[in-house]
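Worksheet: one structure, shown below.
Convention: sequence-line order gives letters A, B, ...; per-chain numbering from 1. Scope of the values below: all heavy atoms of this structure, side chains included, with no hydrogens, waters or symmetry mates.
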2 protein chains.
Amino acid sequence: MTISEVSKKYNLTADTIRYYEKEGIIPRVQRTKNGIRDFDENTCSWIEFIKCMRNAGLEIEILKQYVTLFKQGIRTIKERKMLLEEQRNKLLEKQKNINATLDRLNQKIKWYEDMEKGKKDFMENP
Amino acid sequence: MTISEVSKKYNLTADTIRYYEKEGIIPRVQRTKNGIRDFDENTCSWIEFIKCMRNAGLEIEILKQYVTLFKQGIRTIKERKMLLEEQRNKLLEKQKNINATLDRLNQKIKWYEDMEKGKKDFMENP
DNA sequence: TATTGACTTGGAGCGAACTTTAAGTGATAT
DNA sequence: ATATCACTTAAAGTTCGCTCCAAGTCAATA
């Protein structure tokens, strides 16, 4: 697969994919005889995985660490597990913040709805 | 209240609070006769509100728009409601991404646990 | 009186994650 | 043959959200 095919498949720009390779958060991609990237199944799975992690906000630097550990093989399994657990905790924290904010937005939206219906007296606060 | 008191209260740096004022995502803060910021209750509520929104990742630019509408008074209520609904949708989307990633992390962590216990054969994938 | 310390300002600097640019190669279509 | 197109590289540029700096003011303390 060429970079533009992969780009379409995962809805990432070709530039982003090249950047990910340069940064080492996906493994080095094979080239054809004339230097053009040729993506295989495995590389695609990595891209898909990285995309998912990035969508949730995991940092490039962390993902780089994960890939580095991965490359070092089976002996880094404990470390990899710890890294993932740490990221899980960060996501749980994020989830809490988002839930708190959603509650707040819902309250406000409701308040505005009531205002529109003339149900509330006018008493504005942030 | 001085800026350093507010800074402690909300665990934001004084620089960040000044930046928020400069950007207009909190209302202009009153000054004492010699130019020092003097935060009142209302401004504090704004800071708390903005902090919550920022924690969930709402953009400065969006919050600026909200504050601008707010300043224009009651006639912008419909617009404000729409803005908040849009942000709510974005947060719901984010929530979905985080949940998907959490599921995936949980699976992986479990896999690593099983590996450690020697339960699984060695078959690595991203 | 001198100095300490908290504040003020405008503006420069920074890290993260891309994104764009410039210059080039090589296969295919007209 | 020549032009078009997708690709290549290294490096510079961009955006966001702060964060830091220099130079200055003012009030309180040694």
Side-chain angles (χ1 to χ4, degrees), chain A residues 1-40 43-44 46-47 49-68 87 90-91 94 97-98 101, chain B residues 1-40 43-44 46-47 49-67 87 90-91 94 97 101:
Chain A
M1 269 184 139
T2 68
I3 200 162
S4 66
E5 285 164 341
V6 176
S7 156
K8 268 157 215 148
K9 183 165 181 188
Y10 295 109
N11 198 30
L12 293 168
T13 70
D15 282 322
T16 299
I17 297 168
R18 283 188 208 104
Y19 169 72
Y20 284 174
E21 188 191 6
K22 191 164 53 178
E23 289 302 303
I25 72 172
I26 59 171
R28 196 117 189 87
V29 183
Q30 288 206 9
R31 313 293 155 120
T32 63
K33 67 213 159 299
N34 42 322
I36 287 174
R37 286 175 183 80
D38 185 22
F39 294 78
D40 61 12
T43 310
C44 284
W46 270 101
I47 290 173
F49 172 69
I50 291 296
K51 187 187 171 178
C52 175
M53 297 299 126
R54 288 289 307 129
N55 274 348
L58 273 73
E59 288 167 26
I60 298 285
E61 185 53 38
I62 297 290
L63 295 171
K64 201 187 299 190
Q65 281 171 34
Y66 182 72
V67 176
T68 303
Q87 297 314 304
K90 281 193 194 169
L91 286 191
K94 246 189 208 180
N97 286 329
I98 288 179
T101 305
Chain B
M1 269 185 137
T2 67
I3 201 164
S4 65
E5 285 164 341
V6 177
S7 156
K8 268 156 215 153
K9 183 167 181 186
Y10 296 109
N11 198 32
L12 293 168
T13 71
D15 279 323
T16 299
I17 297 167
R18 284 190 208 104
Y19 168 72
Y20 284 174
E21 188 192 8
K22 192 163 52 179
E23 289 301 304
I25 73 172
I26 58 172
R28 196 118 188 86
V29 183
Q30 286 206 9
R31 312 294 154 123
T32 65
K33 66 212 160 299
N34 42 319
I36 288 175
R37 285 175 182 81
D38 185 22
F39 294 78
D40 61 12
T43 312
C44 284
W46 269 101
I47 290 174
F49 172 68
I50 291 295
K51 188 188 170 175
C52 175
M53 297 299 127
R54 288 288 307 127
N55 274 348
L58 272 74
E59 288 166 26
I60 299 284
E61 186 52 39
I62 297 291
L63 295 171
K64 200 185 301 190
Q65 282 173 32
Y66 182 72
V67 176
Q87 297 314 304
K90 280 194 196 170
L91 286 191
K94 245 188 208 182
N97 286 329
T101 306

Any [X] side-chain nitrogen or oxygen under 4.0 Å from OP1 or OP2 of [N]:
X	N	result
B/Arg37	C/dT9	yes
B/Thr13	D/dC18	no
A/Tyr20	C/dC18	yes
B/Thr2	C/dC7	yes
B/Thr16	D/dT19	yes

Notebook entry, point to check: If you check the A/Glu59 side chain, which of D/dC18, C/dA17, C/dC7 turns out closest?
Noted result: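 When the side chain of A/Glu59 is considered, C/dA17 is the closest of D/dC18, C/dA17, C/dC7.
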
For [X] and [N], give me the distance from atom [atom1] to atom [atom2], rounded to whole Å.
X	N	atom1	atom2	value
B/Tyr19	C/dG11	OH	C1'	14 Å
A/Ile60	C/dT19	CD1	C1'	14 Å
B/Ile36	C/dG5	CD1	C1'	11 Å
B/Ile17	C/dC7	CD1	C1'	13 Å
A/Ile25	C/dC18	CD1	C1'	11 Å
A/Asp15	C/dC18	CG	C1'	9 Å
B/Ile50	D/dG17	CD1	C1'	14 Å
A/Lys64	C/dG15	NZ	P	14 Å

Counting any heavy atom closer than 4.0 Å, what does [X] reach on the DNA or RNA strands: base, sugar-phosphate only, or nothing?
X	value
B/Asn34	sugar-phosphate
A/Arg18	base
B/Glu23	nothing

Q. With a 4.5 Å limit on heavy-atom distance, are the side chains of A/Asn55 and A/Lys51 in contact?
A. yes

Notebook entry, point to check: Does B/Tyr20 reach the side chain of B/Thr16, with side-chain heavy atoms less than 4.5 Å apart?
Noted result: yes

Rounded to the nearest 0.5 angstrom, the CE-OG1 distance for A/Met1 and A/Thr43 is 11.0 Å

Handout entry: Minimum heavy-atom distance between A/Ile3 and A/Phe39, given as atom pair plus value
Key =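 Minimum heavy-atom separation between A/Ile3 and A/Phe39: CA-CE1, 3.6 Å.
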
Quiz item: Are B/Arg54 and B/Glu23 close enough for a salt bridge, meaning some N to O gap below 4.0 Å?
Solution: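 Salt bridge between B/Arg54 and B/Glu23, a charged N being under 4.0 Å from a carboxylate O: no.
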
